Q: 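Structure below; questions to follow.
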Amino acid sequence: MKNFHQQSMKNRILLFIFFSLYLIGYGQTYYVSVKNTLYYQNTGGASYCYRSNPASVPSGAGYLRLEDKNGVVLQTTDGDFTLNTRPAKFIENSGNCRWIEGSNRGSTYSLGGYTFTIPENQNAYYEVKPFQIAAPSAIYFEAVNNSPRELNCTGETVISAPTVVPIADIIEWEYSLNSTVGIVNNSQNKRSISVGLDSFQVNLRANIGKTIFFRFKMKNGIQSPFKGYTIVSCSPEFHSINKTDTTCNYTVDGGFKLNVKRSLNAGEELVITLYDANNNALVGQEFTTSLMNNGGGNYGYSWASNLDGGSYSVKYQSHNGSGGINPNDSSWNSLNSVGTFEIKKPQAVNFSITNSSDENCFEVNDGYIDVSATREPGRSLFFQLTKNGTVQVFNGSNWANYIGTNPNDNGYNAFTSTTTTRINKLGKGTYRVKVRDSKKCNAK
């Protein structure tokens, strides 16, 4: 059950409908890429330690450590990592060599080492440090945003690298779709790329419901993580609203059906949000992954909860996934607004006794009660008569609109077409009268 802003087919800002059962939560993960480090894994020969003259041999192994802010070791090798703990420091100690020839024979020299410190207040960090023997050591860090992402269905989605990465260090962008990895056209040395469903080098509309991944590659062997974007079509186009008024003026059993111009794709969910149009108060939100085929090319969803009479407005959108709306999720791009509609309450059933008469002689049964009532136009009226505490039955029913079986009897079909009747042929007794209409709405 789920919220939204103004019409625009592709609005990127959502108001959150706080139904905690449907709040989507994600744990934080952290991506680190470390490349071109130089260190001894053991003291066995390492050719880069030798010099033509004088010569040297390894004398001390180095180490690598990726640590959190408390010094707890998270990784001890280079490569690409996804961690659940935020890293704070990467230490590279490359080890030592010992002279075996020349005037410095017996002495050692350090192959060097670095410390890459990742600031706590940054969600992305990139640094390259030179190394005289090997290629420059490099590190890239990113706090990964796990919120679901969607490609804009009518325009283009801009995908950007963090500003900490120099444009000159970005080699190119790659995409991965259906297990195929390719280079994004014209993406060399660009911080951002634009991806549209109708402008990308691959037919994305033929892959609705699938996920395409993007990453950028940097110098020194560093690369960013792949980030997924769900390929979705726009929310279905609005067709119509069918509303159902409440049965009685006191019942809460109204409803509506939202009709749209296409069915839902596999994995696509339609989210419908209902507001009280008089004060913009949230009434509720419902969602579905299947629609009723109405025929004629339109499909409908009937609101499941009963509604009271009043003015309402609907906003809806579709997305690939399930559950509720995260208030920080800007990927819900399809947002459709439906104009206001009214669920009406019928006119209340009311009545009064306008006249009555006792019987004229003993057991002639010519007493009567005149009843005048109001009701919703088009509905007929029925009365129930109780004599001395016992409900009376006329023509096989304890709710009647006439008493006699002869059409010439006074009161014949009176309540069917009018709002007054005379309940006649009454003998001595104590009577009570109830009135209801043909929809079984009682006078209160």
Side-chain angles (χ1 to χ4, degrees), residues 1-24 147-155 157 197 208 230 232-246 252 254-265 267-292 294 297-344:
M1 309 177 177
K2 316 172 186 181
N3 170 302
F4 313 89
H5 223 185
Q6 265 330 56
Q7 159 78 25
S8 91
M9 189 74 169
K10 300 299 299 177
N11 200 331
R12 304 183 72 91
I13 299 177
L14 301 174
L15 296 176
F16 179 55
I17 301 174
F18 188 76
F19 288 128
S20 60
L21 281 176
Y22 305 102
L23 180 62
I24 302 175
S147 296
R149 291 172 286 265
E150 295 177 356
L151 294 180
N152 189 324
C153 77
T154 59
T157 298
L197 267 62
I208 295 296
T230 302
V232 297
S233 56
C234 291
S235 294
E237 186 178 352
F238 174 70
H239 181 274
S240 59
I241 287 279
N242 299 128
K243 67 182 183 65
T244 302
D245 297 332
T246 64
V252 181
F256 72 94
K257 182 167 73 170
L258 171 68
N259 304 304
V260 294
K261 294 185 178 181
R262 69 166 174 83
S263 186
L264 298 177
N265 300 309
E268 184 180 17
E269 180 180 75
L270 183 68
V271 182
I272 306 101
T273 308
L274 185 66
Y275 298 91
D276 182 334
N278 292 322
N279 56 18
N280 291 323
L282 172 68
V283 175
Q285 189 177 80
E286 298 180 2
F287 49 84
T288 182
T289 56
S290 63
L291 300 176
M292 179 186 302
N294 299 325
N298 74 81
Y299 300 79
Y301 173 78
S302 294
W303 189 257
S305 303
N306 289 329
L307 298 174
D308 201 359
S311 294
Y312 297 92
S313 66
V314 168
K315 294 178 181 180
Y316 72 90
Q317 65 182 16
S318 66
H319 77 129
N320 275 61
S322 62
I325 298 176
N326 187 319
N328 299 317
D329 181 0
S330 63
S331 66
W332 292 67
N333 293 327
S334 297
L335 182 60
N336 291 7
S337 179
V338 177
T340 61
F341 61 93
E342 184 178 5
I343 294 177
K344 295 181 179 179

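Worth saying up front: this structure is predicted, and the values here are computed from it rather than measured.
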Q: Could I get the full list of ring pair (Phe, Tyr, Trp, His ring centres under 6.0 Å) partners for Phe238, not counting sequence neighbours?
A: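 Expected list: none.
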Q: Nearest 0.5 Å, what's the CD-CZ distance between Glu269 and Phe287?
A: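 Going from CD on Glu269 over to CZ on Phe287, the span is 5.5 Å.
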Q: Under the side chain to side chain contact (heavy atoms under 4.5 Å, CB included) rule, what do Leu270 and Tyr316 come out as? Steps first, then yes or no, please.
A: CA-CA 7 Å; Leu270 183 68; Tyr316 72 90; 3.6 Å; yes
Q: So, using side chain to side chain contact (heavy atoms under 4.5 Å, CB included) as the criterion, who are the partners of Thr244 when residues are at least two apart?
A: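 Applying side chain to side chain contact (heavy atoms under 4.5 Å, CB included) to Thr244 gives none.
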Q: Tell me, do Leu274 and Leu282 make a side-chain contact under 4.5 Å, heavy atoms counted?
A: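 The answer is no; the side chains never approach within 4.5 Å.
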Q: Show, in sequence, the C-alpha distance, side-chain angles and deciding distance for Thr157 and Arg149, and conclude whether the side chain to side chain donor-acceptor pair (under 3.5 Å) test is met.
A: CA-CA 10 Å; Thr157 298; Arg149 291 172 286 265; over 6 Å; no
Q: Going through the checks in order, is the side chain to side chain contact (heavy atoms under 4.5 Å, CB included) test met by Leu197 and Leu151?
A: CA-CA 7 Å; Leu197 267 62; Leu151 294 180; 3.6 Å; yes
Q: Please identify each residue that fulfils side chain to side chain contact (heavy atoms under 4.5 Å, CB included) with Asn259, with sequence neighbours left out.
A: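 Only His239, Ser240, Asn242, Lys257, Asn294, Asn298 meet the side chain to side chain contact (heavy atoms under 4.5 Å, CB included) criterion with Asn259.
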Q: Taking the side chain as everything from C-beta on, heavy atoms only, tell me whether Thr273 gets closer than 4.5 Å to Val314.
A: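 Side chain of Thr273 against side chain of Val314, heavy atoms only: no contact under 4.5 Å found.
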Q: Gln317 and Ser235: which non-hydrogen atoms are nearest, and at how many Å?
A: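 Smallest interatomic distance, heavy atoms only, reads CA-OG, 3.3 Å.
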Q: Tell me every residue that passes side chain to side chain contact (heavy atoms under 4.5 Å, CB included) with Ser290, counting only those two or more places apart in sequence or in another chain.
A: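 Result, side chain to side chain contact (heavy atoms under 4.5 Å, CB included) vs Ser290: Thr288.
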Q: Got Lys315 and Ser337 here, is their nearest side-chain heavy-atom distance under 4.5 Å?
A: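 In short, these two side chains touch, coming nearer than 4.5 Å.
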Q: Looking only at heavy atoms, which two atoms of Asp245 and Glu342 are closest? And how far apart?
A: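 Between these two residues, the closest heavy atoms are OD1-O, 4.1 Å.
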Q: For residues Asn278 and Ser311, report the shortest heavy-atom separation together with the two atoms involved.
A: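 For Asn278 and Ser311, the tightest heavy-atom pair comes out as OD1-CB, 3.8 Å.
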Q: Step by step, would you call Ser318 with Val271 a side chain to side chain contact (heavy atoms under 4.5 Å, CB included)?
A: CA-CA 6 Å; Ser318 66; Val271 182; over 6 Å; no
Q: Heavy atoms, side chains only, cut-off 4.5 Å: are Leu291 and Val260 in contact?
A: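 Of all side-chain heavy-atom pairs linking Val260 with Leu291, at least one is under 4.5 Å.
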Q: Quick one, Ile241 and Leu258 - any side-chain contact, counting heavy atoms below 4.5 Å?
A: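 SC-SC contact between Ile241 and Leu258 confirmed.
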Q: Could you tell me whether Phe256 and Tyr312 have their ring centroids closer than 6.0 angstrom?
A: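 Phe256 vs Tyr312: aromatic centres not under 6.0 Å.
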Q: Kindly say whether Gly155 contributes a backbone atom to a donor-acceptor pair with the side chain of Asn152 at under 3.5 angstrom?
A: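 Looks like yes, one N/O pair under 3.5 Å.
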Q: Who passes salt bridge (Lys or Arg N to Asp or Glu O under 4.0 Å) against Asp276, sequence neighbours left out?
A: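 If we apply the salt bridge (Lys or Arg N to Asp or Glu O under 4.0 Å) test to Asp276, skipping adjacent residues, there are no hits.
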Q: Mind checking salt bridge (Lys or Arg N to Asp or Glu O under 4.0 Å) for Lys344 and listing every partner two or more places apart, or none if nothing turns up?
A: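 Listed in chain order: nothing, the list is empty.
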Q: What are the two closest non-hydrogen atoms of Ser313 and Thr340, and how far apart are they?
A: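 It is CB-CG2, 4.1 Å.
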Q: Tabulate below the donor-acceptor pairs under 3.5 Å that side-chain atoms of residues 300-309 make, not counting sequence neighbours, or state none.
A:
from, atom 1, to, atom 2, distance (Å)
Tyr301, OH, Glu286, OE1, 2.6
Ser305, OG, Glu286, OE2, 3.0
Asp308, OD1, Lys345, NZ, 2.6

